[in-house]
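So the structure is just underneath, and the comments pick up after that.
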Amino acid sequence: MSSDSSQSPPDRRGLIAFAWVWVGVPLVYGVYELVQKATQLFTG
Amino acid sequence: MSPPVAPPGWSRWLVPPAALSVHLSIGQAYAWSVFKPPLESALGLSGTQSALPFQLGIVMLGLSAAFGGTLVERNGPRWAMTVALVCFSSGFLLSALGAATEQYWLIVLGYGFVGGIGLGIGYISPVSTLIKWFPDRPGMATGIAIMGFGGGALIASPWSAQMLESFGSDNDGIALAFLVHGLTYAVFMTLGVLLVRVPRTEKPVEGAPSILAGPQVSARQAVRTPQFWCLWVVLCMNVTAGIGILEKAAPMITDFFKDTSTPVSVTAAAGFVALLSAANMAGRIGWSSTSDLIGRKNIYRVYLGVGAVMYALIALFGDSSKPLFILCALVILSFYGGGFATIPAYLKDLFGTYQVGAIHGRLLTAWSTAGVLGPLIVNWIADRQEEAGRSGAALYGLSFVIMIGLLGVGFVANELVRPVDARHHIPAPSAASGNSATPSEKESADVQRQQPESA
């Protein structure tokens, strides 16, 4: 494991946030729909 | 094709979303049932016919994961994710053409055969890479990805239903829905193709174990070990037990409380099924992460041992207490999900990281077997009991006893797991050199090639 250059590696926090939002938004939508349906067990 | 190596400073936290973009997409397979009623009315199909694309898709998932695993290991995760993207999306596009021209065989070929290859290759594509990036937390890493497969159905089910409502349920509406699915999933999965990288060193995390720590066993050699077949039995029994509940969840809870003062309505039963899906998903990430703390063998002791106790509680007291029935079923389903998600890390512990994805692919044949075994046991026994004039909870008593027995078999198989004998290990990488290398020396050199800076 050696340093390939004297420059520090680019800051990838923006990319990390974008990637997690990309997959997180549809997942939250799916979980929201699931919770709506699951509550029918107690109200239906 | 060489695996895409991470540039300096690449964050390992970019790899789980890459994996999720694939697994959240291919998890759509479990939402196929949304398309069944519209297809049946638009193309005049029977229920059995409309299930064909899904069934063929699952068969192709098992076959392509089992036989394509070595290719995935050789060509790397980007190649695998690209194949998954192309197959899964073009499966939908072919299905769109089939629906538009009312040629049902095109839907079976597209979604089932072509899309099914995408399911299998996509399922195993990130496993090995995630384990290499997270040698300190392999259970958590694979748990995130495999949770995504469960999450995919949660997203697709309401999304596809809304689309069919907007476009119409005739063949043109279905064709448009398939087209939108194919294009959207292609864009969504592109993130995974672009982001996935293999670590540039054998120690991607300071203070964590090396990727090459411990024994390394090839996929070809792994299937010759008793450990592989013990885990095959463990996975098969655990999945069969989960499917035993999942397959008939709605009629089961209705039957159990039919003759009580608090019967369960059809709407409430649908809510119960949704709750089971949540437990399945939570188990994938929760239990798999727990396995990093308490060990793989111990967590399977919990899945199989406590799972058997849960089945016994349902069989003995389930019809007298609704909360107890629901709680036990939720625990069983969380173990079902946990069993799927923890198995790659268990394989890594025994066989190393070298071809863990390919070994995982071969082990998934246990899933295909359980997919037949679980529903067969529960449905066949319930039908025979009904013919014998029984009703309510009595329809399922014998099934539960069989499930407890199967979990017992799985428990024993887990106890028999021991470290892999040294004769199956690949020699240390430094031993491989020259043109006259033996097959295991060539495999050893392959380990080197997959880890560019490991020497």
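Convention: sequence-line order gives letters A, B, ...; per-chain numbering from 1.
A side-chain hydrogen bond (donor to acceptor under 3.5 Å, both in side chains) check over residues 274-287 of chain B, counting only residues at least two apart or in different chains, returns the pairs N280(B)-R284(B), W287(B)-S334(B).
Contacts between Y32(A) and chain B at a heavy-atom distance below 4.5 Å are absent for every atom of the residue. Residue L24(B) touches chain A through its side chain alone, counting heavy-atom pairs closer than 4.5 Å. Of the two parts of L276(B), neither the backbone nor the side chain holds a non-hydrogen atom closer than 4.5 Å to a non-hydrogen atom of chain A.
Closest of all the heavy-atom pairs between A270(B) and Q40(A) is CB-OE1, 4.1 Å. Considering every non-hydrogen atom in both A274(B) and L34(A), the closest pair reads O-CD1, 3.1 Å. The minimum heavy-atom distance between V23(A) and P17(B), with the atom names listed, is CG1-O, 3.5 Å.
Looking at M281(B) and L27(A), their side chains come closer than 4.5 Å, going by heavy atoms from C-beta outward. At a threshold of 4.5 Å between non-hydrogen side-chain atoms, the residues W20(A) and L20(B) count as touching. Put simply, the side chain of P26(A) does not reach to within 4.5 Å of the side chain of W159(B), judged on heavy atoms.
Atom CD of E165(B) is surrounded by 12 or fewer heavy atoms from other residues, nucleotides or ligands within 6.0 Å.
Proximity to chain B at a heavy-atom threshold of 4.5 Å picks out R12(A), L15(A), I16(A) from residues 10-17 of chain A, in numerical order. For residues 187-197 of chain B, the interface with chain A (any heavy-atom pair closer than 4.5 Å) comprises V187(B), F188(B), L191(B), L195(B), sorted by residue number.
Here F134(B) pairs with W13(B) under the ring-ring contact (aromatic ring centres under 6.0 Å, His included) rule; sequence neighbours left out.
Ranked by heavy-atom pairs under 4.5 Å with chain A, the list G151(B), A153(B), P158(B) is led by P158(B). Per-residue heavy-atom pair counts under 4.5 Å with chain A were compared for L154(B), L275(B), I253(B), and the maximum is reached by L154(B).
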